[in-house]
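One is the number of the first residue; the rest follow in order along the sequence.
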Amino acid sequence: MSKYLQEREAIDQLYNAPENRRLKYAAFAVIAVVIILLLSMTIWIDRIPAKAMLIMRGCAGLGAMIFVVLVGVLSYRVNKKHIENRRNL
């Protein structure tokens, strides 16, 4: 169990490295904007024109794709560095 905790701590340190922390916060910001867009569309569904609703849906979808790309890049960078560190031991 302690080996698992050591590896988990090593991975957490990699996620909290400055370059990876920026990616993580960017992903959080993008998904927060997407959630705000979706909630605003839900709340004011009757007041928003159809054209604006389509634009907002498109922006929300684009934001979701950007989020997926950011999280993919983040996990790739962390796992690559983790594997390199394990290989050097």
Side-chain angles (χ1 to χ4, degrees):
M1 186 69 173
S2 66
K3 178 142 173 100
Y4 170 76
L5 292 175
Q6 289 173 347
E7 279 204 31
R8 186 70 235 163
E9 187 175 316
I11 291 173
D12 286 342
Q13 287 176 350
L14 290 173
Y15 271 110
N16 289 325
E19 63 274 0
N20 294 334
R21 196 175 324 135
R22 283 190 296 261
L23 269 176
K24 183 169 55 171
Y25 291 151
F28 285 151
V30 168
I31 203 66
V33 169
V34 168
I35 289 171
I36 290 169
L37 272 173
L38 291 173
L39 285 175
S40 66
M41 284 188 293
T42 304
I43 293 169
W44 295 296
I45 194 164
D46 295 334
R47 297 183 187 143
I48 299 175
K51 196 172 194 179
M53 185 75 79
L54 287 175
I55 291 171
M56 289 172 75
R57 284 181 184 170
C59 290
L62 184 62
M65 287 188 272
I66 291 170
F67 172 75
V68 168
V69 169
L70 286 174
V71 170
V73 168
L74 176 64
S75 62
Y76 172 77
R77 289 171 83 177
V78 167
N79 287 324
K80 179 183 172 196
K81 189 72 170 172
H82 180 67
I83 290 170
E84 285 176 2
N85 290 345
R86 285 183 61 189
R87 191 176 295 167
N88 291 335
L89 292 178

Give the cluster check for [X] versus [Y]: same hydrophobic cluster or not, with ILVMFWY residues linked at side-chain heavy-atom distances below 4.5 Å.
X	Y	result
Ile36	Val34	no
Val69	Tyr76	no
Ile43	Met56	yes
Val30	Ile55	no

Would you name the heavy atoms of [X] and [Y] that are closest together and state the gap between them?
X	Y	result
Asn20	Leu14	ND2-O, 2.8 Å
Ala60	Leu37	N-CD1, 4.0 Å
Phe67	Ile31	CD1-CB, 3.8 Å
Ile48	Met41	CD1-CA, 4.2 Å
Gly72	Ser75	O-OG, 3.1 Å
Ala27	Val71	CB-CG2, 4.1 Å

| task | Determine whether more than 12 heavy atoms belonging to other residues, nucleotides or ligands lie under 6.0 Å from atom CZ of Arg21. | result |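 Atom CZ in Arg21 is crowded, with more than 12 foreign heavy atoms closer than 6.0 Å.
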
| said: Is any side-chain heavy atom of Ile45 closer than 4.5 Å to one of Met53? | reply: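 Met53 vs Ile45: side chains touch.
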
| task | Applying side chain to side chain donor-acceptor pair (under 3.5 Å), name anything that partners Lys81, two or more places apart in sequence or on another chain. | result |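 Partners of Lys81 under the side chain to side chain donor-acceptor pair (under 3.5 Å) test: none.
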
I need the [X] [atom1] to [Y] [atom2] distance, nearest 0.5 Å.
X	Y	atom1	atom2	result
Glu7	Asn85	CD	CG	11.0 Å
His82	Tyr15	NE2	OH	10.5 Å
Asn16	Ile11	CG	CD1	12.0 Å
Asn88	Glu84	CG	CD	7.0 Å
Ile35	Ser40	CD1	OG	12.0 Å

